[in-house]
Amino acid sequence: MTRPGLARTLALGLLTAAALGAIGPLYLLAKVSLSPPAEVMTAHPTLLPHGLTLDHWRRLLASGQVAAPLAKSLTAASLVALAALALAAPAAYSLSRLPARWRYGILLGLFACRMLPEVSIALPVAVIFLRWGLLDTVTGLVLSHLTLVLPVAAWVLTTTFLTIPRELEEAAALDGCSAWQTLWRVTLRLAVPGLVVAGLLAWLFSWEEFVLATYLTLGAKTMPLQVYYYLYQGNWFLTSVSATLMMVPVLGLTGLLQRHLQGTSLVGAIR
């Protein structure tokens with residue numbers, strides 16, 4: 001085998017192993033959620049399904065314990081994504097127009113705050129939110145999640161705005177566009193891929209966040225807390241069903257936004 005052929009084979013093998021490593025746990029979750037107890041609770045469970053049942057799904061949906069956590073997590077994640085874009089986009093655009101030494105100094109300062117463990121800020125945040133009456137509320141979750149999401153969103157969007165040539169904005173201004181028209185018609189439209197990535201990262205973080213939700217939740221659980229509740233009970237089937245249910249919005253949202261997750265929007269903008 002030639003050296004290029006060997007390199008392609010090794011690359012294909014590594015990609016296959018990575019794909020199996022990513023898909024394997026998801027497959028096992030789905031399999032357990034659809035398998036009869038006798039097929040799972042055995043000394044030698046099989047990898048391939050031999051019998052399918054929806055009893056675990058019916059039991060979870062009939063329990064009435066999943067609708068409220070699902071709605072709370074979806075609402076909080078969506079609001080976090082929108083708020084992160086609304087706050088980080090103007091800041092990132094301003095940072096992208098600063099000199100490099102100032103720009104990266106500010107971004108590193110933001111990430112210095114992000115380096116703190118979530119546990120170290122969860123308790124002080126919970127004490128403050130208790131005084132403000134924000135415990136067990138969607139507003140409290142959104143505000144706490146934003147403190148950790150905004151540095152990442154600002155970094156992604158600053159890089160995005162840096163890829164947009166200033167010549168395009170100058171050309172729009174020469175054509176008679178005001179500063180706001182240039183920002184809306186040129187800059188933001190070209191920044192759509194970066195906005196989608198930043199919003200998706202913010203949404204995913206809020207959707208799966210566990211530590212802050214633990215400290216800020218008294219009764220109305222989020223979806224990650226509900227999964228942990230079933231796991232703590234030792235109910236493997238309801239745990240797998242609820243965890244599989246958590247994957248559905250992630251896969252749906254990622255598939256819906258897939259066409260925007262391309263970095264080729266600026267190709268051909270400048271000749």
Side-chain angles (χ1 to χ4, degrees), residues 15-35 49 52 54 56-58 60-61 63 65-86 88 114 118 138 141-153 155-157 160 192-214 216-217 220-232 235-263:
L15 290 175
T16 303
L20 291 176
I23 297 174
L26 307 183
Y27 167 76
L28 291 178
L29 275 178
K31 178 185 181 299
V32 173
S33 70
L34 295 171
S35 297
L52 298 178
L54 294 176
H56 310 310
W57 285 86
R58 295 192 189 99
L60 179 73
L61 297 177
S63 67
Q65 296 181 342
V66 70
L70 185 62
K72 185 175 183 178
S73 290
L74 283 173
T75 303
S78 301
L79 291 176
V80 167
L82 294 176
L85 291 179
R114 184 64 180 87
E118 294 178 26
V138 173
L141 281 179
V142 171
L143 292 176
S144 62
H145 290 176
L146 280 175
T147 60
L148 300 178
V149 164
L150 284 176
V152 178
W155 182 280
V156 172
L157 292 178
T160 299
V192 166
L195 292 170
V196 170
V197 170
L200 184 58
L201 288 175
W203 191 94
L204 290 174
F205 172 85
S206 179
W207 176 250
E208 67 180 11
E209 201 282 323
F210 180 81
V211 175
L212 289 173
T214 302
L216 300 178
T217 299
K221 299 181 182 69
T222 61
M223 203 59 193
L225 292 180
Q226 189 65 29
V227 174
Y228 176 75
Y229 169 74
Y230 290 129
L231 180 63
Y232 183 77
N235 194 320
W236 306 113
F237 298 101
L238 292 186
T239 300
S240 62
V241 173
S242 55
T244 303
L245 187 60
M246 279 196 67
M247 294 191 304
V248 175
V250 176
L251 296 176
L253 184 62
T254 305
L256 182 65
L257 299 177
Q258 185 65 39
R259 65 188 183 91
H260 295 293
L261 301 177
Q262 304 294 331

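Count residues from 1 along the sequence. Any value given below was found using the heavy atoms of this structure, including those in side chains, with hydrogens, waters and symmetry copies removed.
Between Gly194 and Thr160, the shortest heavy-atom contact is CA-OG1, 3.3 Å. Between Ser33 and Val241 the shortest heavy-atom distance is CB-CG2, 3.5 Å. Ala83 approaches Leu146 most closely through the heavy-atom pair CB-CD1, 3.8 Å. The heavy-atom pair separating Ala77 from Ser206 by the smallest distance is CA-OG, 3.4 Å. For the residue pair Ser35 and Phe237, the shortest heavy atom distance occurs at O-CE2, 3.9 Å. Between His56 and Leu238, the closest heavy-atom pair is O-CD2, 3.8 Å.
Using a 4.5 Å heavy-atom threshold, the side chains of Met223 and Leu245 count as touching. Counting heavy atoms from C-beta on, the side chains of Leu34 and Pro49 never come closer than 4.5 Å. With a 4.5 Å cut-off on side-chain heavy atoms, Tyr230 and Leu60 count as touching. In this structure, the side chains of Leu85 and Leu195 come closer than 4.5 Å at one or more pairs of heavy atoms. Between Val250 and Glu208 the shortest side-chain heavy-atom distance does not fall below 4.5 Å. Counting heavy atoms from C-beta outward, Val227 and Leu231 have side chains that stay 4.5 Å or more apart.
Between Phe205 and His145, the ring planes lie perpendicular to each other; the angle is over 60°, past the 30° to 60° tilted range.
Distance CG/Leu26 to CE/Met247: 5.0 Å, rounded to 0.5 Å. Annotation: the span from Ser242 atom OG to Leu225 atom CG amounts to 11.5 Å, rounded to 0.5 Å. Put simply, CG on Leu74 and CG on Leu79 are 10.5 Å apart, with the number rounded to the nearest 0.5 Å. A distance of 11.0 Å separates CD in Glu118 from CZ in Phe210, rounded to the nearest 0.5 Å. Of the inter-residue distances, the one linking Ser144 atom OG with Glu209 atom CD reads 6.5 Å to the nearest 0.5 angstrom.
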Should Val149 and Leu201 be marked as a side-chain contact (heavy atoms from CB on, under 4.5 Å) after you check the CA-CA gap, both sets of side-chain angles, and the distance that decides it?
CA-CA 8 Å; Val149 164; Leu201 288 175; over 6 Å; no
side-chain contact (heavy atoms from CB on, under 4.5 Å) between Val80 and Trp203, intermediate numbers included
CA-CA 6 Å; Val80 167; Trp203 191 94; over 6 Å; no
Leu212 and Leu141: CA distance, side-chain angles, deciding distance, side-chain contact (heavy atoms from CB on, under 4.5 Å) verdict
CA-CA 8 Å; Leu212 289 173; Leu141 281 179; 5.6 Å; no
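Around CH2 of Trp57, the count of heavy atoms belonging to other residues, nucleotides or ligands within 6.0 Å exceeds 12.
Not a single donor-acceptor pair under 3.5 Å links the side chain of Thr254 to the backbone N or O of Leu251.
Between the side chains of Tyr229 and Gln65, no donor-acceptor pair of N or O atoms lies under 3.5 Å.
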